[in-house]
Amino acid sequence: MKGSRRGGGGNSWLIGIIRIAIATLVGATGLLVWAALAGGTQPYDTYESTVAGDGPVAQYRFDDAYGSSTLADSAGSYAATNSEATLGGEGPFGGSKSGLLASEAFATLPSSPLAEASAFTVEAWVYWDGGSSYKQPIFDFGSDESDYMYLTPASGLSEHQMLFEIRAGSTSFQVTAPTLTDKAWEYVAVSESGSGTLTLYLNGEQVGQTTGATISPSSLGSTPDDYLGKSLIASDPFFDGRMSNVAFYATELSSGQLKAHYDAAELPVNTTAPTISGTPTEGNSLSA
């Protein structure tokens, strides 16, 4: 019976050690997870993989080196020429970067990534500095003052509404929403369906819609002037603020897809390391 008791005591001691080891492993794993999250890769990695899964034809992350003369296209072959934008700044969510467009800075695409599209989506993270200088373009693609597609946070319309307009000759279609909030990062998207429905989204939610559009990017023909932050109209102001993760799709993304993009950027990130509590003795439980 003595040996039996010792054997029982030995097993109990071993179980206690195993419990401590498991608790320590759980705690260490938690610390590793925390380190990865706090290291700046999240929610960036989740956001970029979500966007990539929906197949953009061009995407500008603005993570190029400071002083770079180009903006890399992380999704396609539309590397843009940088004209005085300050690149590699802090972006709207952990791990992301941005470009500062001020004092007439802008970027020029080699051609429109939507040139052949009969349906499309454009999304952008925008920090607009505001002010009373309206019609600042987030993007403007076209050939002249009568053939273009552009998006502005505050138009010259009544109440200075946010506006997307597409125009071919004398035919024009617009979709509007309330003026974009200034001095805050906002996720803006605009899409057109194959049946001509134009929709504006803000932070993953629909905020404006127009039906019956009969022109699309493919209706514009050649668009030699394709800008981020600059208008085709010389008298219009340049965009004043920051941009991040501007992406173009040659298809209409659903409201669910756009909401998923916004949500991916809003993933919670741990800011405090997990701890192990309790006394590591036989029979006691530890918490991690």
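Because the structure is a prediction, the values reported are computed rather than measured.
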Verify, without hydrogens or angle tests, whether [X] (side chain) and [Y] (backbone) share a donor-acceptor contact under 3.5 angstrom.
{"X": "T211", "Y": "T197", "result": "no"}
{"X": "S231", "Y": "I233", "result": "yes"}
{"X": "T152", "Y": "Q136", "result": "yes"}
{"X": "D140", "Y": "L232", "result": "yes"}
{"X": "T210", "Y": "L198", "result": "no"}
{"X": "D226", "Y": "L109", "result": "no"}
{"X": "D240", "Y": "A102", "result": "no"}
{"X": "S155", "Y": "L163", "result": "no"}

So that I know where these two stand, are Y47 and F93 an aromatic pair - ring centroids less than 6.0 Å apart?
yes
d(T176 OG1, E159 CD) to nearest 0.5 Å is 9.5 Å
Checking side-chain polar atoms at under 3.5 Å, does [X] have a donor or acceptor matched by the opposite partner on [Y]?
{"X": "W125", "Y": "E186", "value": "no"}
{"X": "S218", "Y": "S216", "value": "yes"}
{"X": "Q59", "Y": "S74", "value": "yes"}
{"X": "Y148", "Y": "E165", "value": "yes"}
{"X": "Q209", "Y": "T199", "value": "yes"}

Shortest non-hydrogen contact between [X] and [Y], atoms and distance:
{"X": "F238", "Y": "A105", "answer": "CD2-O, 4.1 Å"}
{"X": "G229", "Y": "L101", "answer": "CA-CD2, 3.9 Å"}
{"X": "A168", "Y": "I215", "answer": "N-CD1, 3.6 Å"}
{"X": "P217", "Y": "E192", "answer": "CD-OE1, 3.8 Å"}

Note, [X] side chain near [Y] side chain (heavy atom, < 4.5 Å):
{"X": "S68", "Y": "Y66", "answer": "no"}
{"X": "W128", "Y": "W185", "answer": "no"}
{"X": "Y249", "Y": "Q257", "answer": "no"}

Return the orientation label for the F120 and F164 ring planes: parallel under 30°, perpendicular over 60°, tilted otherwise.
tilted
Taking side chain to side chain contact (heavy atoms under 4.5 Å, CB included) as the criterion, tell me which of V51, V188, V190, D54 meets it with E123.
V51
Using a strict 4.0 Å threshold on nitrogen-to-oxygen distance, state whether E90 and R242 make a salt bridge.
no
Qualifying residues under side-chain hydrogen bond (donor to acceptor under 3.5 Å, both in side chains), relative to Y60, sequence neighbours excluded:
none
Evaluate E104 against K230 for salt bridge (charged side-chain N to carboxylate O under 4.0 Å, His left out), listing each step before the verdict.
CA-CA 8 Å; E104 301 188 355; K230 178 183 176 181; over 6 Å; no
